[in-house]
Amino acid sequence: MARGWDESEHPRHPADTPGGRGGEFRDHWVGAVAALIRDPQDDLLQIVREGKLVDRSELSGGQMARTEIRTYEMPGGTHRELVHKSYSEGRGGEIGIAHEVLASHIGAALGARVPASIVDPDSPHSMYMELLPGKTPIALASEQSEQVDDYEAAAYSWEHRSTPSGRRLGLFDLYLSTKDRHEGNWLILEDGGGVAGIDHAGVDLEGDWEDEESYWSADSPFAYNYTDASL
């Protein structure tokens with residue numbers, strides 16, 4: 001009768017090696033993989049710290065913050081673009097920034113595409129965000145006609161909300177009780193990259209877990225994957 005294989009018998013997984021069970025294998029490969037996987041927040045900080053600011057262009061539409069695209073020239077000659085948001089002191093900007101940064105980490109944990117975000121290392125009232133390559137449904141609808149019809153813009157969510165990226169964004173919206181995932185607050189990414197959520201400064205992080213009606217109250221077409229029993 002064949003005897004079952006014991007992990008400790010594997011030459012790369014000796015149980016008594018440093019680091020515990022399978023320590024030799026784990027210490028080598030986990031370290032190697034960790035060196036290859038970069039934290040997107042670390043990437044943003046590296047751009048700001050090591051790059052030279054060579055251009056900035058202001059974006060319209062920000063009600064609470066001044067928003068612009070900043071272009072940095074890196075030491076190797078490449079150029080990187082980041083979104084920069086700055087809030088006036090005393091207008092609750094720190095809360096909005098904290099929400100954006102937390103949302104970027106939660107999105108990464110859930111596999112939902114949202115911009116990586118960091119607090120501006122030079123100011124607690126400003127932040128940097130990843131510039132995602134895509135367009136909002138409103139922008140896409142405006143390319144088709146001068147007067148954008150709300151129904152035409154909303155139709156894009158029906159097309160994308162049940163895709164893998166749409167379902168992940170819906171789960172993100174559900175957990176953060178996102179109330180304003182309208183057609184100007186999500187992107188259709190270029191090159192078939194799916195959808196991404198933007199603008200999370202106003203997410204509701206104070207929902208009552210014991211009150212399901214209060215907590216599970218996201219107003220997002222993507223969250224309907226989980227809240228609409230007809231789907």
Q. Which atoms form the tightest heavy-atom contact between G194 and S165, and what is the distance?
A. CA-OG, 3.3 Å
Q. Side chains of S162 and N225: closer than 4.5 Å at any heavy-atom pair?
A.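 Yes. Closest side-chain heavy atoms under 4.5 Å.
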Q | Residues Y87 and R66: side-chain donor-acceptor under 3.5 angstrom | A |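 Y87 vs R66: no donor-acceptor pair found between side chains.
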Q) Charged N to carboxylate O under 4.0 angstrom, D173 versus R181? A)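 Answer for the salt bridge query: yes.
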(Q) I need the single residue from R80, R113, Q41 that forms a side-chain hydrogen bond (donor to acceptor under 3.5 Å, both in side chains) with E130. Which is it? (A)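 Going through R80, R113, Q41 one by one, the side-chain hydrogen bond (donor to acceptor under 3.5 Å, both in side chains) with E130 is satisfied by R113 alone.
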Q.
Quick check: closest heavy atoms across H79 and V54, and the distance to 0.1 Å?
A. CD2-CG2, 4.0 Å
(Q) Given 3.5 Å as the limit, does a donor-acceptor pair link the side chain of D120 with the main chain of D122, or not? (A)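 Yes: the side chain of D120 pairs with the backbone of D122.
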Q) Is the closest side-chain heavy-atom distance between L45 and P121 below 4.5 Å? A) yes
Q. Under the 3.5 angstrom rule, does the side chain of S126 hit a backbone N or O of P124 as a donor-acceptor pair?
A. no
Q) Does T78 reach the main-chain N or O of M74 with its side chain, forming a donor-acceptor pair under 3.5 Å? A)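 It does not hold such a pair.
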Q: Measure the CD-CG distance between E183 and L140 for me, rounded to the nearest 0.5 Å.
A: 11.5 Å
Q. What is the minimum heavy-atom distance between R161 and F222, and which atoms define it?
A. CA-CD2, 3.5 Å
Q) Between E68 and R56, is there a side-chain N and carboxylate O pair less than 4.0 Å apart? A) yes
**Q.** Note, Y72 side chain near K52 side chain (heavy atom, < 4.5 Å)
**A.** no
Q) Is V203 reachable from L187 through a run of I, L, V, M, F, W or Y residues, each pair having side-chain heavy atoms under 4.5 Å apart? A)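 No; tracing contacts between hydrophobic side chains, which count when under 4.5 Å, never links both residues.
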Q: Determine, step by step, whether L53 and T71 satisfy the side-chain contact (heavy atoms from CB on, under 4.5 Å) criterion, reporting the C-alpha distance in whole Å, the side-chain angles of both residues, the deciding distance to 0.1 Å, and the verdict.
A: CA-CA 6 Å; L53 180 61; T71 303; 5.8 Å; no
Q. L169 and L189: same hydrophobic cluster, using ILVMFWY side-chain contacts below 4.5 Å?
A. no
Q.
Side chains of T136 and N185, heavy atoms from C-beta outward: is any pair under 4.5 Å?
A. no
Q) Nearest heavy-atom pair of P115 and I198: which atoms, and what distance? A) CG-CG2, 4.0 Å
Q | Hphob cluster co-occupancy, I106 + L171, side-chain heavy atoms under 4.5 angstrom | A | yes
Q | Heavy-atom closest pair, residues K135 and A139 | A |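 That closest heavy-atom pairing would be CB-CB, 4.4 Å.
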Q: Decide, yes or no, whether a salt bridge links K85 with E100 under the criterion of side-chain N to carboxylate O below 4.0 Å.
A: yes
Q: First locate atom CG of L44, then atom OG of S117, and finally report the distance between them rounded to the nearest 0.5 Å.
A: 7.5 Å
**Q.** Check: Y128 and R70 side chains under 4.5 Å, non-hydrogen atoms
**A.** yes
Q: Please answer: with hydrophobic residues joined when any side-chain heavy atoms are less than 4.5 Å apart, are F172 and Y175 in the same cluster?
A: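 Yes, it is one cluster - the side chains of F172 and Y175 are joined through contacts under 4.5 Å.
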Q) Any idea which heavy atoms bring L176 and A103 closest together, and the distance? A) CD2-CB, 3.9 Å
(Q) Determine whether E94 and H125 satisfy the following criterion, side-chain contact (heavy atoms from CB on, under 4.5 Å), listing intermediate values before the conclusion. (A) CA-CA 6 Å; E94 293 89 342; H125 306 290; 2.7 Å; yes
Q. Can you check whether D180's main-chain N or O pairs, donor with acceptor, with T178's side chain at less than 3.5 Å?
A.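 A pair under 3.5 Å: no.
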Q. Any side-chain heavy atom of S157 within less than 4.5 Å of one from W186?
A.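 The answer is yes, as the side chains (C-beta and beyond) meet within the 4.5 Å cut-off.
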Q. How about H160 and R167: does a side-chain donor come under 3.5 Å of a side-chain acceptor?
A. no
(Q) Would a single hydrophobic cluster contain both L132 and V114, if residues Ile, Leu, Val, Met, Phe, Trp and Tyr are joined by side-chain heavy-atom contacts under 4.5 Å? (A)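 Result: no, two separate clusters.
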(Q) Assess the residue pair V101 and I118 against the criterion (side-chain contact (heavy atoms from CB on, under 4.5 Å)); give the C-alpha distance rounded to whole Å, side-chain angles, the decisive distance to 0.1 Å, and a yes or no. (A) CA-CA 6 Å; V101 173; I118 62 171; 5.5 Å; no
**Q.** Beyond-backbone contact of I69 with L131, side-chain heavy atoms, under 4.5 angstrom
**A.**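 Counting from C-beta outward, I69 and L131 do come under 4.5 Å.
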Q. Does a side-chain heavy-atom distance below 4.5 Å link H99 with H200?
A.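 Contact flag for H99/H200 side chains = no.
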